[in-house]
Amino acid sequence: MKQLTKIVSSVVLFAFTVLMWVPIYYFVIGAFKKRTDIVKHPLVINLKMFTTENFSYTIKKMKLFSALGNTAFITILALVLIIIAGSLAGFAIARIKGKLFNIYYGAVVSLMVIPFIGALIPLISLIKDLGLYNNLWGCVLIQAAWNLPFAIFLFTGFMRGIPKELEEAAYIDGCSTVGIYWRMFLPLLKPVIATCCIRSGIGIWNDYLVTNTLLNSVKMPTLMVAIYQFFGQYVSEYGYAFAGIIMASLPVIVAFIFLQKYFIKGLTAGAGRG
Amino acid sequence: MEKKTASVPAAKIKKSDFERSRYLTGVFFLVPATVLSFIFVIIPLINVIRYSFYEWNGISDDMLWVGLQNFKTLPTTEGFWQMCISTLIFAFGSTALIVLFSFIVAMALDSKNRNRVSRAVYRTAWFFPCILSGSVVGILWRIMYNYNNGMINKTLKGMGLSPVNWLETYGLTNVAIIIAAVWFQMGLCIVIFLAGLQSISTEINEAAAIDGANEGQIRRHIIVPLMAPSITINVLTTSIAAFKMYEMPWLISNGLPGYSTRLLTQRIHFFGIESAKFGLGSAMAVLLILVITAISLVQLVVLRKREDIY
């Protein structure tokens, strides 16, 4: 009886996992099929249906490489800003005593809960006033600023755990506070930097709202805006849409395959320890 | 500590000098983060509250002070209550289903007879959709739900059933976007539950088994209560994510039929971009921020409490 329930639960779990992967299977094989084949035989693999035309069409029409460049530019520069500003602030909060730093930490934690959509409308006029409309730097700064509270939270938490003796030894050896941050803490921070890059990096890469609002989607597309505009509401060419989906997510998927552990850790970080 | 330094004045001066320079360096370290947050987070948040008291189209110089009028007009705008209801249905529906299913999956994955490799493979498989973007998931599910050509209706027809109009049926379309959200977001909850389950020591289970508890009793009386913190965290994070969701449900259903699947986030975007009613949009944004902040405060209180326990 016990054996039976075990087998049944294993089979049910397996069946549900397969069911959950059907949509993924559907778009991956669909990207290599013509529209009529996708519609008629949604789940069949047949070498006769194979085509790469979807990809060549999508790359051309979606301005894929310029979209990819813009997305990469925003993501990388925003991450650099987040890591610099976040680790500096985290160091000050975690290692230096003073009421100011405690208050600052409280403010940071409370900013973590504010949803971006809430500030969308004032940001539109702010960006226009600053002359940053349709400028990638506007997106970089906004993404950096909105991802910063979580980064500071992570960095502070990690740096609080570093033993004080290490720091004291460095002071005795004549190291300045800046030197301690730069030579001692920054190298120790690598795992948090990885967590932070993955968490914020995926958010920024996959973002639609910020870039759609602040960039002209025709002149300055990012990947998610491009596929939204191209395949959004009246999609009928499924093959093109699937090819677009694959290419827009490919960098993240490749990174996921190699850095799985960091991904899972990064995306669930801050959700409590178990 | 203080007494010690007081007895050696020279050391005290030296130390306070050192402390002061360290303090100043710390303040200096806060500057980049403060400048960024101030310009792009704090000022917009102050402005969203300010704008909500004005009538303004976002471009012209004349902002008309209307006091609380925007908040009074808001409930009378077209479809407001339907949108509130659809947001609540979406948030509570997806949260309940995500937490329930991911708990079941996590329990199945954690069972002791499963080896580590298969558990890791399953975990990766279930986690995968989380790394996709809202736009991608939205487009994918819109295609799958298509009435004539979508995969779901094709499969139903293949099984001899009649096709279902997923995207234009009152009620059913709400279910459709919830299903997509469950598929999209379950992975995160599963991982958090798995971490929680692994922290329950096997001795407790063994002790209960020796005392004669069967598997169902262990599950009900030991695992579920011990998992309460993980459940709370998942409920809160998932519901916040659902209240924030924008492009995924919009791409699937377009808010149709009527206003029945339109969410408040989508309305804020509409007021801000398409119809240039900055005042009304800001009033709605203030409402949404209040709702999400309230849920988050509960979360923070719960987290604090747990920190006290451990």
Side-chain angles (χ1 to χ4, degrees), chain A residues 6 9 13 17 20-21 23 26-27 39 42 84-85 88-89 91-92 96 98 101 104 111 113-115 117-126 141-142 144-146 148 152 177-178 202 206 208-209 224 227-228 231-233 235 238 241 245 248-249 252 256 260 263-264 267-268 271-272 274, chain B residues 22-23 25-26 29-30 32-33 36-37 40-41 43-45 47-48 51 58 108 113 122 124-125 127 130-136 139-140 142-144 149 151 154 183 188 191-192 195-196 199 229-230 233 237 244 246-247 251 254 265 268-269 272 278 281-282 285 288-289 292-293 296 303:
Chain A
K6 261 181 199 170
S9 83
L13 178 68
T17 312
M20 199 219 55
W21 266 72
Y26 176 57
F27 82 73
V39 171
I84 294 172
L88 281 171
F91 177 84
I96 298 171
F101 301 108
Y104 199 89
L111 275 186
V113 308
I114 307 284
I117 184 98
L120 182 79
I121 289 174
L123 269 172
I124 299 169
S125 45
L126 177 76
L141 293 170
I142 287 180
W146 281 83
L148 204 50
I152 295 177
T177 310
V178 178
I202 291 183
N206 284 343
Y208 168 78
L209 213 45
M224 297 312 150
I227 62 164
Y228 184 107
F231 306 112
Q233 325 212 329
V235 51
Y238 297 165
I245 287 177
S249 333
V252 177
F256 176 67
Q260 263 181 59
F263 265 69
I264 291 174
L267 287 177
T268 52
Chain B
R22 200 170 131 83
Y23 189 83
T25 317
F29 274 12
L30 293 181
L36 265 179
S37 314
F40 294 103
V41 182
I43 291 181
L45 285 177
N47 274 342
V48 78
Y51 290 175
N113 55 331
Y122 271 122
T124 309
F127 190 76
C130 296
I131 66 167
L132 299 174
S133 78
S135 313
V136 161
I139 293 170
L140 175 62
R142 182 170 181 86
I143 292 174
M144 296 211 303
N149 302 322
M151 187 200 84
K154 281 274 162 194
W183 182 82
L188 288 175
V191 170
I192 290 167
S199 72
S230 305
I233 299 305
T237 49
K244 284 184 185 173
Y246 168 78
E247 70 266 34
L251 275 168
N254 259 308
T265 50
I268 295 172
H269 191 262
F278 274 38
S282 297
L288 190 71
I289 290 176
I292 293 179
T293 311
S296 312
L303 276 173

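Below, read A as the first sequence line, B as the second, and so on, with proteins coming before strands; counting in each chain starts at 1.
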Just to verify, what does A:A248 make a side-chain contact (heavy atoms from CB on, under 4.5 Å) with, not counting sequence neighbours? A:L223, A:M224, A:I227
Quick one: list whatever passes side-chain contact (heavy atoms from CB on, under 4.5 Å) with B:P32, sequence neighbours left out. A:A85, A:L88
Less than 4.5 Å to any heavy atom of chain B: does that hold for the side chain of [X], its backbone, both, or neither?
X      : result
A:S249 : side chain
A:I84  : neither
A:I117 : both
A:I121 : both
A:I202 : side chain
A:I96  : both

Heavy-atom pairs under 4.5 Å with chain B are the metric here; pick the option from A:Y26, A:F91, A:F256, A:F27 that has the most.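 Going by pairs under 4.5 Å, I would pick A:Y26.
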A side-chain contact here means heavy atoms from C-beta on lying under 4.5 Å apart; do [X] and [Y] qualify?
X      : Y      : result
B:R22  : A:T177 : yes
A:N206 : B:L132 : no
B:I143 : B:M151 : no

Which residue out of [options] racks up the most heavy-atom pairs below 4.5 Å with chain A?
options                      : answer
B:I292, B:T25, B:N47, B:I131 : B:I131
B:V41, B:L288, B:L45, B:L36  : B:V41
B:V191, B:T293, B:I43        : B:V191

Given heavy-atom pairs under 4.5 angstrom as the criterion, report whether the side chain, backbone, both or neither of [X] touches chain A.
X      : result
B:L188 : both
B:Y51  : side chain
B:V48  : both
B:Y246 : side chain

Looking at A:I114, is its backbone amide N or carbonyl O close enough to the side chain of A:W146 to form a donor-acceptor pair, meaning the two atoms are under 3.5 Å apart?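 No; zero donor-acceptor contacts below 3.5 Å.
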Under 6.0 Å between the ring centres of A:F101 and B:F29?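 Between B:F29 and A:F101, which both carry aromatic rings, the centre distance is not below 6.0 Å.
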If you look at every heavy atom in A:I152 and A:A89, which pair is closest and at what distance?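 Heavy atoms only, the tightest pair is CD1-CB, 3.9 Å.
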Taking every non-hydrogen atom, the tightest pair across B:W183 and A:M20: NE1-O, 2.7 Å
